[in-house]
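Data block below; observations after.
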Amino acid sequence: DAGVIQSPRHEVTEMGQEVTLRCKPISGHNSLFWYRQTMMRGLELLIYFNNNVPIDDSGMPEDRFSAKMPNASFSTLKIQPSEPRDSAVYFCASSLGAGGRRNEQFFGPGTRLTVL
Amino acid sequence: AQTVTQSQPEMSVQEAETVTLSCTYDTSESNYYLFWYKQPPSRQMILVIRQEAYKQQNATENRFSVNFQKAAKSFSLKISDSQLGDTAMYFCAFLPLWDGTASKLTFGTGTRLQVTL
């Protein structure tokens with residue numbers, strides 16, 4: 001299995017631009033998670049989906065952030081407009097889903113976002 | 001809500017020595033997992049070891065072992081025979097186990113481990 005795939009691995013953009021981060025979960029996994037990692041706040045859960053449905057988006061910082069999961073094999077995290085304080089590493093993770101060991105999450109390599 | 005506390009921001013150990021990283025947590029959940037993740041400079045989050053709360057036996061994975069004290073809500077990681085490749089940030093994480101739905105990980109703030117010659 002290829003593991004969780006994220007693209008791009010690095011993104012540099014200017015303030016005000018739209019940024020789209022992409023994630024392909026492990027095949028067969030029903031749950032998908034978006035995390036943000038910064039020096040100041042550590043690892044934070046932004047949103048997670050179960051069977052393509054958003055379950056908890058309480059970690060999404062503000063309306064500039066949106067996430068979608070149109071199908072079981074693809075999710076996007078969009079920031080519009082981007083700001084310098086959005087600079088961070090964004091991780092996507094997936095798990096089989098509910099129940100016991102099935103909740104274990106596998107992480108993608110992350111996308112390092114820099115907003116100038 | 002759960003909280004995970006790692007009180008050691010940085011630690012250093014000499015190669016081949018043993019080091020213990022501390023983690024405490026607070027929860028009202030009765031069924032959960034605990035994890036230690038390693039994050040090397042490559043940024044990849046690598047699962048090191050897991051512990052099911054209902055198991056009394058401490059988990060072991062090669063040179064990595066945990067000391068799980070459920071009553072004290074403590075979950076420390078011991079690295080034996082430390083290697084230069086163990087240099088990384090280590091995160092303790094808590095995962096409640098809910099029937100029928102996915103649950104979310106809560107991470108500690110991390111401990112930066114430096115292995116020296």
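The figures here come from the full heavy-atom set of this structure, side chains too, leaving out hydrogens, waters and symmetry mates. Labels below follow one simple rule: chain letters A, B, ... track the order of the sequence lines, proteins then strands, and each chain is numbered from 1.
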Do [X] and [Y] have side chains that approach each other closer than 4.5 Å (heavy atoms only, starting at C-beta)?
X	Y	value
A:Tyr48	A:Trp34	no
A:Leu46	A:Phe33	no
B:Phe94	B:Tyr33	no
B:Val13	B:Leu113	yes

Exercise for the section: Check whether B:Tyr32 gets within reach of chain A through its side chain, its backbone, both or neither, counting any heavy atom under 4.5 Å. Expected result: neither
Residue part contacting chain B, namely of [X], when any heavy atom lies under 4.5 Å:
X	value
A:Gln37	side chain
A:Tyr35	side chain
A:Arg112	both
A:Asp56	side chain

Say you draw a straight line from [atom1] of [X] to [atom2] of [Y]; how long is it, rounded to the nearest 0.5 Å?
X	Y	atom1	atom2	result
B:Leu105	A:Gln105	CG	CD	4.0 Å
B:Gln8	B:Thr109	CD	OG1	10.0 Å
B:Asp86	B:Asp81	CG	CG	8.5 Å
B:Ile79	B:Trp36	CD1	CH2	8.5 Å

Problem - Residue among A:Gly110, A:Gly108, A:Gly42 with most heavy-atom pairs under 4.5 Å to chain B - result: A:Gly108
Fill in the blank from the handout: Among residues 64-75 of chain B, residues within the sub-4.5 Å heavy-atom range of chain A, in order of number, are none
Problem - Within residues 40-47 of chain B, residues adjacent to chain A where the heavy-atom gap is under 4.5 Å - result: B:Arg43, B:Gln44, B:Met45, B:Leu47
Exercise for the section: Report the residue from A:Phe106, A:Phe107, A:Phe91 that forms a ring-ring contact (aromatic ring centres under 6.0 Å, His included) with B:Tyr37. Expected result: A:Phe107
Practice task
Kindly work out whether a path of hydrophobic side-chain contacts (I/L/V/M/F/W/Y, heavy atoms less than 4.5 Å apart) joins A:Tyr90 to A:Leu116.
Solution key: no
Exercise for the section: Determine, step by step, whether A:Arg85 and A:Glu62 satisfy the salt bridge (Lys or Arg N to Asp or Glu O under 4.0 Å) criterion, reporting the C-alpha distance in whole Å, the side-chain angles of both residues, the deciding distance to 0.1 Å, and the verdict. Expected result: CA-CA 12 Å; A:Arg85 61 193 168 118; A:Glu62 49 196 276; 3.2 Å; yes
Handout entry: A:Ser31 side chain to A:Asn50 side chain, donor-acceptor N/O pair below 3.5 angstrom
Key = yes
